[in-house]
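Okay, so here's the structure we're looking at.
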Amino acid sequence: QVQLVESGGGLVQAGGSLRLSCTLSRRIFSDNTMAWYRQAPGKERELVASSTTGGTTKYADSVKGRFTISRDNAKNTVFLQMNRLSPEDTAVYYCNLYVPYAPPFSRWGQGTQVTVSS
């Protein structure tokens with residue numbers, strides 16, 4: 001049973017940067033997708049960025065050119081570098097692990113708060 005722990009959230013002014021990290025409690029040897037989601041008050045949870053074992057990355061249109069997802073497989077960690085932050089980025093950010101093989105499973109971190117002030 002793998003656990004995910006996020007860190008790196010906080011308060012930052014508009015135009016600033018933050019780097020989130022998500023560390024898995026154990027290594028996952030099968031192919032998988034790591035992703036970052038976020039949920040703002042009163043809004044649906046949305047996919048921000050994802051990264052497969054093979055290196056394929058995807059981004060939400062709202063963060064393209066500003067956010068970068070990366071993985072350090074040796075350290076069982078995924079990062080989200082967030083640049084040029086705006087108040088619209090304020091949300092709780094969640095790390096997700098998805099393993100597609102039978103039986104597939106998904107795991108979520110507890111979330112970390114990101115607040116961007118104007």
Side-chain angles (χ1 to χ4, degrees):
Q1 189 81 0
V2 62
Q3 284 79 49
L4 287 66
V5 179
E6 302 103 330
S7 63
L11 176 63
V12 65
Q13 294 184 16
S17 299
L18 284 174
R19 192 188 195 197
L20 307 182
S21 64
C22 172
T23 300
L24 280 60
S25 62
R26 66 177 178 86
R27 193 169 187 174
I28 303 298
F29 293 96
S30 57
D31 289 344
N32 60 81
T33 299
M34 299 291 300
W36 288 96
Y37 290 75
R38 67 185 181 187
Q39 187 167 21
K43 302 293 184 180
E44 298 288 330
R45 185 172 298 187
E46 64 173 341
L47 176 65
V48 176
S50 65
S51 176
T52 69
T53 308
T56 300
T57 58
K58 296 181 179 180
Y59 297 91
D61 289 340
S62 60
V63 306
K64 287 180 180 177
R66 299 189 298 121
F67 291 10
T68 302
I69 188 170
S70 61
R71 302 173 64 150
D72 186 339
N73 292 324
K75 297 181 178 179
N76 305 322
T77 301
V78 62
F79 303 94
L80 184 68
Q81 179 67 45
M82 305 184 294
N83 298 325
R84 304 196 306 279
L85 286 161
S86 70
E88 289 71 35
D89 297 314
T90 295
V92 177
Y93 284 71
Y94 297 90
C95 181
N96 175 263
L97 166 69
Y98 178 67
V99 178
Y101 303 107
F105 70 89
S106 180
R107 296 288 185 271
W108 293 90
Q110 82 287 347
T112 185
Q113 177 71 48
V114 172
T115 302
V116 184
S117 64
S118 59

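Being a predicted model, the structure only gives us computed values, none of them experimental.
For residues 82-105, the pairs satisfying salt bridge (Lys or Arg N to Asp or Glu O under 4.0 Å) are Arg38-Asp89, Arg66-Asp89, with sequence neighbours left out. Applying the ring pair (Phe, Tyr, Trp, His ring centres under 6.0 Å) definition to pairs two or more places apart or across chains, those involving residues 99-118 are Tyr37-Trp108. Among residues at least two apart or in separate chains, there is no ring pair (Phe, Tyr, Trp, His ring centres under 6.0 Å) pair with a member in residues 44-80.
Contact record, Asn83 with Ser17: OD1-OG, 2.9 Å, taken as the closest heavy-atom pair. Of all heavy-atom pairs spanning Tyr98 and Ser106, the tightest one is CD1-CB, 4.2 Å. Taking all atoms of both residues into account, the shortest heavy-atom contact from Ala35 to Leu47 is CB-CD1, 3.8 Å. Contact between Tyr94 and Gly111 at its shortest, heavy atoms only, is CD2-CA, 3.6 Å. The two residues Gln110 and Val5 have their closest heavy-atom pair at OE1-CA, 3.7 Å. Gln1 approaches Arg26 most closely through the heavy-atom pair N-NE, 3.8 Å.
When side chains are defined from C-beta on, Met82 does not count as touching Val12, because their heavy atoms never get closer than 4.5 Å. Put simply, the side chain of Glu6 does not reach to within 4.5 Å of the side chain of Leu20, judged on heavy atoms. You'll find the side chain of Arg71 reaches within 4.5 Å of the side chain of Thr53, heavy atoms only. Contact annotation: the side chain of Asn76 never approaches that of Val2 to less than 4.5 Å [non-hydrogen atoms, C-beta and beyond].
Checked against Leu85 for a side-chain contact (heavy atoms from CB on, under 4.5 Å), the options Val116, Val63, Thr90 give a single hit: Val116.
Side-chain heavy atoms closer than 4.5 Å link hydrophobic residues (I, L, V, M, F, W, Y) into clusters, and following such links, even through other members, never connects Leu4 to Val92.
To the nearest 0.5 angstrom, Leu24 atom CG is 9.5 Å from Gln3 atom CD. To the nearest 0.5 Å, the span separating CE on Met34 from CG on Leu80 amounts to 11.5 Å. Atom CG of Leu97 sits about 7.5 Å away from atom SG of Cys95, to the nearest 0.5 Å. Residue Asn73 holds its CG atom at 7.0 Å from CZ of Arg27, rounded to the nearest 0.5 Å. Ile28 contributes atom CD1, which lies 12.5 Å from atom OG1 of Thr33 (distance to the nearest 0.5 angstrom). To the nearest 0.5 Å, atom CD of residue Gln81 and atom OG of residue Ser21 are 11.5 Å apart.
Between the side chains of Thr52 and Asp31, no donor N or O sits under 3.5 Å from an acceptor N or O.
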